[in-house]
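Atoms within a ligand are numbered from 1 in the order they appear, just like the ligands themselves.
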Amino acid sequence: MGTERTWDMPETMIGVDDARERILARFAPLEAVATPIVDALGMVAARNVVSTVDVPPFRNSAMDGYAVRSIDVADAPVVLRVTGTVAAGTVPDRAVGPGESMRIMTGAPIPAGADAVVRFEETDESSRANNGLAEIEISRPVQARENVREAGEDVRAGDAVISAGTVLGPAEIGILASLNMATVDVHRRPRVAILSTGDEVVDLGPDLQPGQIRNSNSHTIAALVRQAGGEPVLLGVARDTTDDVHDKLFASDTPDLFVTSGGVSVGDYDVVKNVLKAEGSIDVWQVRMKPGKPLAFGTIGNTPLLGLPGNPVAALVSFEQFGRPAIRRMLGHSQLSLPELDAISMERLPNPGRRRHFVRGVVSRTSAYLEARPTGDQGSAVLMAAVRANCFIIVPETSDVIDPGTTVRVQLFDGTLIT
Ligand code: AMP
Ligand code: MG
């Protein structure tokens, strides 16, 4: 039963940063896969991309107007002959000679001889008949290259446009498209298999019988995995038996990471630990944090396993501190943890026991600074305080209290916009 250990395992108390480093040491970016560029949004380039082409591919007009020789309009106002039109997507059928101009649209190739474009607004076009324009008055001089986009102005053949490790956003995807790259090599998404444990835990569907609770953790963790960029695979709920945990862990294809919830706290049935002991290796730590003190980390075969505590908030907090960085490292990111900011704590935050306390809170903006406030009951089974929160307010293990008005570090939840 609970306190009876079936095998000898020293449980050590370690700091959050230490636990994080020990876990991260086991992860590296996964192999590269060629991915359609739009599906690569938010993913990390696995290789440098060097352009083989110029962007834009030819010298073209940045404005609708008239292609001219700048030397001809140095004494503007001046009247030039109009010898034709160049539309976008066509090529000029003649060159621009002395005293001549061509009507030109944005994106159209600059005709030979011309070296600048005068915008419609700087001509008398609007006061002339629309059709059969034979001549045009240019109202001011232009510099050579004015309103001209040079070939290769954006990207030159041979330029390194994206380096390995870059997170691909919309602009990067646009550049890849300009280079005619339909796919890009990115580190693939890890598959993360999620197993909840507990005789009392029941998955969605059947009515709860006395003594049973709903499996919320698998779904919270699946959402967190997806938010971190991984591909969640739900393995369901295992009874508190070594056999059931074993069977369910081995039921699916080998993932890149197992995440379990429950069965790692002192006084539990030790089922997760027993399976890891038999199938691989495991460390069980008491992490100097609150919530989320018990944490297991080990391997099954070659697959790492992160054993989160069962309490819903503890599972969420520990995943964000240890699971998210592991997944992001597999994706090739260098920014692994949630983004952090400084804010002023508006309330007193006691921290008995001197563990690093991840207080569920709201950070909001005043005109001058950011304010942080806890969101009610901080019990490790009270998920609603996390529902109302947009951050963790971090009370360091070195503080036994945070007084109102003190600067605190906050970790923003993924996707938070501060208002
Ligand atoms: P354990 O870590 O297994 O001792 O579980 C700690 C607490 O979390 C107990 O109250 C469990 O009932 C609860 N719990 C465990 N697993 C889940 C789960 N999948 N969903 C919701 N609550 C859970
Ligand atoms: Mg349990």
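Sequence neighbours left out, the pairs with a member in residues 216-258 that pass ring-ring contact (aromatic ring centres under 6.0 Å, His included) are His246-Phe250.
Under 4.0 angstrom from ligand 1, the non-hydrogen atoms of Ser261 all belong to its side chain.
Between Phe322 and Phe297, the distance separating the two ring centers is not shorter than 6.0 angstrom.
Salt-bridge formation is not detected for the pair Glu397/Arg288: no Lys NZ or Arg NE/NH1/NH2 atom is positioned less than 4.0 Å from an Asp or Glu carboxylate oxygen. A salt bridge is defined here as a Lys NZ or Arg NE, NH1 or NH2 lying under 4.0 Å from an Asp or Glu carboxylate O, and Glu340 with Arg409 meets this definition.
Summarising the contacts of atom 12 (O) of ligand 1 with Glu200, Gln212, His219, the nearest heavy atom is found in Glu200.
Atoms of ligand 1 lying under 4.0 Å from any heavy atom of Gly263, numbered from 1 in the order shown and given with element: 1 (P), 2 (O), 3 (O). Distances below 4.0 Å separate heavy atoms of Val201 from the following atoms of ligand 1: 16 (N), 17 (C), 18 (C), 19 (N). Near Ser196, with a cut-off below 4.0 Å to any heavy atom, the atoms of ligand 1 are 19 (N). Atoms of ligand 1 lying under 4.0 Å from at least one heavy atom of Arg214, given by number and element, are 20 (N), 21 (C).
Side-chain contact, Ser337 with Arg20: a donor N or O sits under 3.5 Å from an acceptor N or O.
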What donor-acceptor contacts under 3.5 angstrom involve side-chain atoms of residues 378-385, with partners at least two apart or in another chain?
unit_1: Gln378; atom_1: OE1; unit_2: Arg360; atom_2: N; d: 3.0
unit_1: Gln378; atom_1: OE1; unit_2: Arg360; atom_2: NE; d: 3.4
unit_1: Gln378; atom_1: OE1; unit_2: Arg360; atom_2: NH1; d: 3.3
unit_1: Gln378; atom_1: OE1; unit_2: Arg360; atom_2: NH2; d: 3.4
unit_1: Gln378; atom_1: NE2; unit_2: Arg360; atom_2: O; d: 3.1
unit_1: Gln378; atom_1: NE2; unit_2: Gly376; atom_2: O; d: 2.9
unit_1: Ser380; atom_1: OG; unit_2: Asn311; atom_2: ND2; d: 3.4

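Under a 4.0 angstrom heavy-atom cut-off, Gly198 registers as lying outside contact with ligand 1. Using a 4.0 Å heavy-atom cutoff, Thr197 is listed among the residues neighbouring ligand 1.
Geometrically, ligand 1 and Asn311 share a nitrogen or oxygen pair separated by less than 3.5 Å. Considering both main-chain and side-chain atoms, Gly310 comes within under 3.5 Å of ligand 1 through a nitrogen or oxygen pair.
Asn217 places a side-chain N or O within donor-acceptor distance of the main-chain N or O of Gly310, the cut-off being under 3.5 Å.
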